[in-house]
Amino acid sequence: MTESCIRSVVEAIHSSPFQAVLHLAGGASQVVGSLLSVPGASNTVLEVVVPYSKMSLIQLLGKIPSQFCGQQTAEDMALLAYNRALKLSKPGSPAVGVGFTGSLASSRPKLGEHRFYMSTRTADQLWISSVTLTKGLRTREEEDRVSSHLLIKAIGNACKVPGASVLLLSESDVSDECETQFNEDQQLEQLINGQICFKIYPFENEISAERKIIMPGSFNPLHDGHLKLMDVATRICGDGYPCFEISAVNADKPPLSVSQIKDRIKQFEKVGKTVIISNQPYFYKKAELFPGSAFVIGADTAVRLINPEYYDGDYNKMLKILVGCKETGCTFLVGGRNVDGAFKVLDDIDVPKELKDMFVSIPAEQFRMDISSTEIRNRSGM
């Protein structure tokens, strides 16, 4: 591949809406320079991690791989990178995870093959490739260049941009690749099973804000009170991307089925509002998934959030967990709700002084609606 050819592919990647995290070990080092040296890299590259030592790769994977340079390891690296990209990407931007692990020519002769494995992961596709290079045909730098150019092509394909058709391998090199497509049901099953951390449905018109304003709930059903509360919260925040969020996994109930999730998603599609499906029922885990976000909650949820009973009766445990949420940059916008038969706002709640600046009141004069989804279900016999 010529430098001009590589540059044209990289330019097309940067012009696409995709945003990527790369995990690279044992080669393809020139990918980083190729991506970052072309203007527009910040549109695409979210993070590059190079777990070059065995211990570094073990810590990244959270396990000792059966092969440090193997197909499953590349696939695992790509999936981890994809989940990381989901967390770091702009709301609504499609994410790409890239994994590469190689065993190329080194300062000492290798007993084994010179080979590498590449994998890319998007919401609906997993791609894996293995390449075995002919020993003695290239220097280490040349092997790195070949692996880098092939990985650039793979990233381009994942970003749905046309790739160059230049032959990079010799007749004696061996390559193989496979691709798996995932439909929506399979993606939601992967979410329920914990393989992917969330899936976003960006039904709202494009918004440039990077900070998310998130209203968690079951939304069974979504009602006018939810929509009005989100409108008020968005005005108070001044700048942000409003998202409703449903956890497919519940703390004390069975997980939602795929059909239940899809039925609830349809509600948001009808009103043109963005919804995120996650697998984290706890706020401290939501804070890790969506750092820097503003969570919109009712006073009843705020009361439970700071109640030590929900933390094994341990006040210090509650404080430690919520301080951890605070350190992610998250805040809570609290709307008035009926609590034990009385309408309460944030000022009626005894928030620990260490957490006070984490909570923001939504004034009752700006929003008050006492009806809940439960009452709507009961009235309609749902």
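Taking 4.5 Å as the limit, some side-chain heavy atom of Pro51 sits within range of a side-chain heavy atom of Met77. The side-chain heavy atoms of Val98 and Ser119, taken from C-beta on, include no pair separated by under 4.5 Å. Residues Thr274 and Phe244 fail the side-chain proximity criterion, which asks for heavy atoms closer than 4.5 Å. Proximity of Pro216 to Phe295: side-chain heavy atoms (C-beta onward) are separated by under 4.5 Å at one or more points. Side-chain contact between Leu322 and Leu305: present, with at least one pair of heavy atoms (C-beta onward) separated by less than 4.5 Å. Leu104 is listed as a side-chain neighbour of Phe116, based on a closest heavy-atom distance under 4.5 Å. Within the 4.5 Å cutoff, the side chain of Lys273 has no heavy atoms near those of the Phe203 side chain. Contact check for Leu319 versus Pro352: side-chain heavy atoms found under the 4.5 Å cut-off.
For the atom pair Arg138 CZ and Leu133 CG, the distance stands at 5.0 Å (nearest 0.5 Å). For the atom pair Phe100 CZ and Ser147 OG, the distance stands at 4.0 Å (nearest 0.5 Å). Annotation: the span from Phe343 atom CZ to Asp348 atom CG amounts to 9.0 Å, rounded to 0.5 Å. Taking CG of Leu60 as the start and CG of Leu57 as the end, the distance is 6.0 Å to the nearest 0.5 Å. Note that CD of Gln366 is 5.0 Å distant from CD1 of Ile236, once rounded to the nearest 0.5 Å.
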Checklist entry - So Gln72 and Gln67, side-chain hydrogen bond (donor to acceptor under 3.5 Å, both in side chains) or not? Walk me through it. => result CA-CA 8 Å; Gln72 187 60 53; Gln67 286 185 306; over 6 Å; no
Next on the checklist: Cys325 vs Met358, test: side-chain contact (heavy atoms from CB on, under 4.5 Å). Steps then yes/no.
Outcome noted: CA-CA 9 Å; Cys325 292; Met358 191 181 176; 3.4 Å; yes
Next on the checklist: Apply side-chain hydrogen bond (donor to acceptor under 3.5 Å, both in side chains) to residues Thr134 and Asp173 and explain how you reach the verdict.
Outcome noted: CA-CA 5 Å; Thr134 305; Asp173 297 324; 2.9 Å; yes
Item to check | Stepwise side-chain contact (heavy atoms from CB on, under 4.5 Å) test for Ser16 and Lys160 | outcome: CA-CA 8 Å; Ser16 79; Lys160 305 187 188 305; over 6 Å; no
Item to check | side-chain hydrogen bond (donor to acceptor under 3.5 Å, both in side chains) between Gln19 and Asn43, intermediate numbers included | outcome: CA-CA 7 Å; Gln19 296 193 294; Asn43 296 334; over 6 Å; no
Item to check | Trace of the salt bridge (Lys or Arg N to Asp or Glu O under 4.0 Å) decision for Asp314 with Lys320 | outcome: CA-CA 10 Å; Asp314 189 333; Lys320 182 179 179 180; over 6 Å; no
Checklist entry - Passes side-chain contact (heavy atoms from CB on, under 4.5 Å), Thr331 versus Leu333? Steps please. => result CA-CA 7 Å; Thr331 57; Leu333 276 69; 4.1 Å; yes
Next on the checklist: Between Phe332 and Phe359, is the ring pair (Phe, Tyr, Trp, His ring centres under 6.0 Å) condition met? List the steps.
Outcome noted: CA-CA 5 Å; Phe332 293 97; Phe359 290 83; 5.3 Å; yes
Checklist entry - Does the pair Asn183 and Gln187 meet the rule for a side-chain hydrogen bond (donor to acceptor under 3.5 Å, both in side chains), with working shown? => result CA-CA 6 Å; Asn183 60 32; Gln187 293 172 47; over 6 Å; no
Item to check | Trace of the side-chain contact (heavy atoms from CB on, under 4.5 Å) decision for Leu22 with Glu47 | outcome: CA-CA 6 Å; Leu22 287 71; Glu47 184 175 83; over 6 Å; no
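The closest donor-acceptor contact from the side chain of Gln260 to the backbone of Ser257 lies under 3.5 Å. Within the 3.5 Å criterion, the main-chain N or O of Asp252 finds no donor-acceptor partner in the side chain of Asn250. Of the possible polar contacts, one joining the Asn279 side chain to the Leu191 backbone as a donor-acceptor pair under 3.5 Å is found. The main-chain N or O of Ile297 is never found under 3.5 Å from a side-chain atom of Thr301 such that the two would form a donor-acceptor pair. Under the 3.5 Å distance criterion, the side-chain polar atoms of His14 are matched with a main-chain donor or acceptor of Leu35. Not one N or O on the side chain of Thr73 forms a donor-acceptor pair closer than 3.5 Å with the backbone of Cys69. Under the 3.5 Å distance criterion, the side-chain polar atoms of Ser8 are matched with a main-chain donor or acceptor of Cys5.
Aromatic rings of Phe219 and His226 (six-membered ring for Trp) have centroids within the 6.0 Å cut-off, being under it.
Clustering ILVMFWY residues whenever any of their side-chain heavy atoms sit less than 4.5 angstrom apart, transitively, puts Ile214 in the very cluster that holds Val232. Hydrophobic cluster membership differs between Ile128 and Leu151, with clusters built from Ile, Leu, Val, Met, Phe, Trp and Tyr side chains linked at under 4.5 angstrom.
For the pair Leu86 and Phe198, the tightest heavy-atom approach, listed with the atom from each and the gap, is O-CZ, 3.1 Å. Minimum heavy-atom separation, Ile362 to Ala233: CD1-CB, 4.3 Å. Closest approach of Val31 and Ser148 over heavy atoms only: CG2-O, 3.4 Å. Here the closest heavy-atom approach between residue Cys237 and residue Ile213 is recorded as CB-CD1, 3.6 Å. Nearest heavy atoms, Leu222 versus Gln267: N-OE1, 2.8 Å. Between Ser218 and Arg264, the shortest heavy-atom contact is O-NH1, 3.0 Å.
We find that Asp239 and Arg211 are not joined by a salt bridge, their nearest charged nitrogen and carboxylate oxygen being 4.0 Å or further apart. With respect to the salt-bridge test (charged N to carboxylate O, under 4.0 angstrom), the residues Arg145 and Glu142 do not qualify. A salt bridge does not link Lys344 to Asp300: none of the charged side-chain nitrogens sits closer than 4.0 Å to a carboxylate oxygen. Between Glu3 and Arg7 there is no salt bridge, since no side-chain nitrogen of the basic residue lies less than 4.0 Å from a carboxylate oxygen of the acidic one. Using a 4.0 Å cut-off between charged nitrogen and carboxylate oxygen, Glu245 and Lys286 count as a salt-bridge pair. Ion pairing between a basic and an acidic side chain is recognised when a charged N comes within 4.0 Å of a carboxylate O; Arg235 and Asp231 show no such pairing. A salt bridge links Lys326 with Asp357: the distance from a Lys NZ or Arg NE/NH1/NH2 to an Asp or Glu carboxylate oxygen falls below 4.0 Å.
For CD of Gln181, the number of neighbouring non-hydrogen atoms (other residues, nucleotides, ligands) closer than 6.0 Å is greater than 12. When the shell of 6.0 Å around CG of Asp350 is examined, it contains 12 or fewer heavy atoms from other residues, nucleotides or ligands. No more than 12 heavy atoms of other residues, nucleotides or ligands sit less than 6.0 Å from atom CD of Glu113. Other residues, nucleotides and ligands place no more than 12 heavy atoms under 6.0 Å from the CD atom of Glu171. For NZ of Lys353, the number of neighbouring non-hydrogen atoms (other residues, nucleotides, ligands) closer than 6.0 Å is 12 at most.
A cation-pi geometry, defined here as NZ or CZ lying under 6.0 Å from the six-membered ring centre and within 45° of its normal, holds between Lys199 and Tyr201. Judged by the 6.0 Å and 45° rule, Lys54 forms a cation-pi pair with Phe68. Annotation: cation-pi pair Arg121/Tyr82 present, NZ/CZ under 6.0 Å from the ring centroid and within 45° of its normal.
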